[in-house]
Protein chains: 2
Amino acid sequence: MSLWQSIADTLRAEIARGMWRPGTRLPPEAELAARFGVNRHTLRHATKVLADEGLLYSRRGAGVFVSAAPVEYKLGEKAQFHRNIELAGRVPNRRIDSVVTRSCDTAEAQGLQIAAGAPVHVAEGVASVDHRPVAIFRAVFPADMLPDLPKVLSGEGSITRALAQSGVPEYKRATTRLKATIADEAQAARLQIDPGGPLLRTEAVNIAKGRPVERSIVWWASERVTMVLDNQDS
Amino acid sequence: MSLWQSIADTLRAEIARGMWRPGTRLPPEAELAARFGVNRHTLRHATKVLADEGLLYSRRGAGVFVSAAPVEYKLGEKAQFHRNIELAGRVPNRRIDSVVTRSCDTAEAQGLQIAAGAPVHVAEGVASVDHRPVAIFRAVFPADMLPDLPKVLSGEGSITRALAQSGVPEYKRATTRLKATIADEAQAARLQIDPGGPLLRTEAVNIAKGRPVERSIVWWASERVTMVLDNQDS
DNA sequence: CCGCATTTGTGCGTATGTATT
DNA sequence: AAATACATACGCACAAATGCG
């Protein structure tokens, strides 16, 4: 095995076991090169590979840093934001910017299996992990099933808890549709990414007792999250 | 702009406009370095970037080649892809442009659960629906499990049949990871979309008898496909 | 605000190993 | 067997960005 490969493996293992915490700076290239007894180019070859993998990033004049690993968001029946993020050992948060009640459009009607034009509650906001924004969401609920949801939502950061308080203690994700899109300026600003960057758009329907209770559209900053579907679990 | 960047841009543009046909060999590094008036290392930096993008691949002792070969031979459709598209009432097709045997990188090693640097077969090509390209794929197989896969591939023209002949009659998808990316010029050209457009990148591992047999990365033209996950079916 | 040391980014020269042709 | 060509690695030098006193 080549030198740069073994160095990359060593550093990868050290990062994996927490020897270098996310956000911290690695020792200077010269120092690391001396530690491994190689030329600086050889060390740079190793760190370049790790940077390609997303484990490291470097800033000229500043140093090489351990990057925060992208969140792995598990898809499946029990896909819930808070639960997923907490299982990954991160700090989830949801900020609801607006809650309005209006009549639904045809796409929303089809997803929720209600009559076109029926009243719905629409909540919009930003979801974050470790206090960094990762997604913009728009959640649509049938108003007749959840008459007092707006009141509960404004006091809650969790949709699951809000639904529980509105008489829906449990729900499952029925379907998820995924697409890639490009961030416009407004989306980029809210997610604190560059305009034109890649977004992963998920469109999901949650059901309780066989009836749709929520249709959500979420735009994820693809740099900060990876969707994972594991067929062995479920 | 740095030298290697402008060189990479030049080569990328030349490949995009067909000056170097897919499958052809580029001039030797020394010659290209002389053409651009730079050191061989500088040129290698540029070609390395293009190799990372998937435009080029190098074979030690042989040369640097343009990744996607033209229609040399048409191989059969992968069962999953084929069935999915047919169920949607469309006409599926898969074109394998190249099959190369090389040593794997660390990411591939992790996915296939083999030693880093172990030999793998790599098949690249384009998947189409209704005779329009929808995805670029790269499939990686462990060479020790499937020693004669390249021969079988060229003889049979079917990945599933080739796997069956190699003692893998059945396999299933274990995990799928999804991300959104931006199409670079080469990808856009192959998919006949605009550069900068959204791509849905799936990274999947197929297993047979508990052992990984294939790791595929597929870049889908997001304009032409939507991924759907239905938890009620399975 | 300036200057300076630090640190990464880029580039050249050279040498050796190893696979392919 | 020999020539060709890529892979790896070392040493040196300078540019560019950062951060601190």
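Order of the sequence lines fixes the chain letters, A, B, ..., with proteins taken first and strands second; residue numbering starts at 1 for each chain.
For B:Arg177, the side-chain contact (heavy atoms from CB on, under 4.5 Å) test picks out A:Glu72, A:Thr226, A:Val228, B:Glu203, with sequence neighbours left out. Scored by the side-chain contact (heavy atoms from CB on, under 4.5 Å) test, A:Glu31 finds A:Pro27, A:Pro28 as partners (sequence neighbours excluded). By the side-chain hydrogen bond (donor to acceptor under 3.5 Å, both in side chains) test, A:Trp20 pairs with A:Glu14, sequence neighbours left out. Shown here are the side-chain hydrogen bond (donor to acceptor under 3.5 Å, both in side chains) partners of B:Thr202, two or more places apart in sequence or in another chain: B:Trp220. Remark: B:Gln110 engages no residue in a side-chain contact (heavy atoms from CB on, under 4.5 Å) (not counting sequence neighbours). For A:Arg94, the side-chain hydrogen bond (donor to acceptor under 3.5 Å, both in side chains) test picks out no residue, with sequence neighbours left out.
Applying the 3.5 Å distance criterion, the base of C:dG11 shares a donor-acceptor pair with the side chain of A:His41.
The nucleotide D:dA1 finds no pairing partner, because no Watson-Crick or G-U wobble arrangement with both distances shorter than 3.5 Å includes it.
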Could you run down the sub-3.5 Å N/O contacts of the protein with nucleotides 6-8 of chain C?
unit_1 : atom_1 : unit_2  : atom_2 : d
C:dT7  : O2     : A:Gly61 : N      : 3.4
C:dT8  : OP2    : A:Glu29 : N      : 2.9
C:dT8  : O4'    : A:Gly61 : N      : 3.4

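If you take NZ of B:Lys48 and P of C:dG11, they are 16 Å apart, rounded to a whole angstrom. One can place CG of B:Leu43 at 14 Å from C1' of C:dC12, the figure rounded to the nearest angstrom.
The nucleotide range of DNA chain D contacted by chain A, defined by atoms under 4.0 angstrom from heavy atoms of the protein and reported 5' to 3', is D:dT8 to D:dG19.
A 6.0 Å sphere centred on CZ of A:Arg21 holds no more than 12 heavy atoms belonging to other residues, nucleotides or ligands.
Residue pairs meeting the ring pair (Phe, Tyr, Trp, His ring centres under 6.0 Å) criterion with at least one member in residues 24-47 of chain A, sequence neighbours excluded, are A:Trp4-A:His45.
Nearest-nucleotide assignment on DNA chain D puts the 5′-proximal partner with A:Trp4, out of A:Trp4 and A:Phe65.
Contact between the side-chain N/O atoms of B:Asn39 and the OP1/OP2 oxygens of C:dG13 is found at a separation under 4.0 Å.
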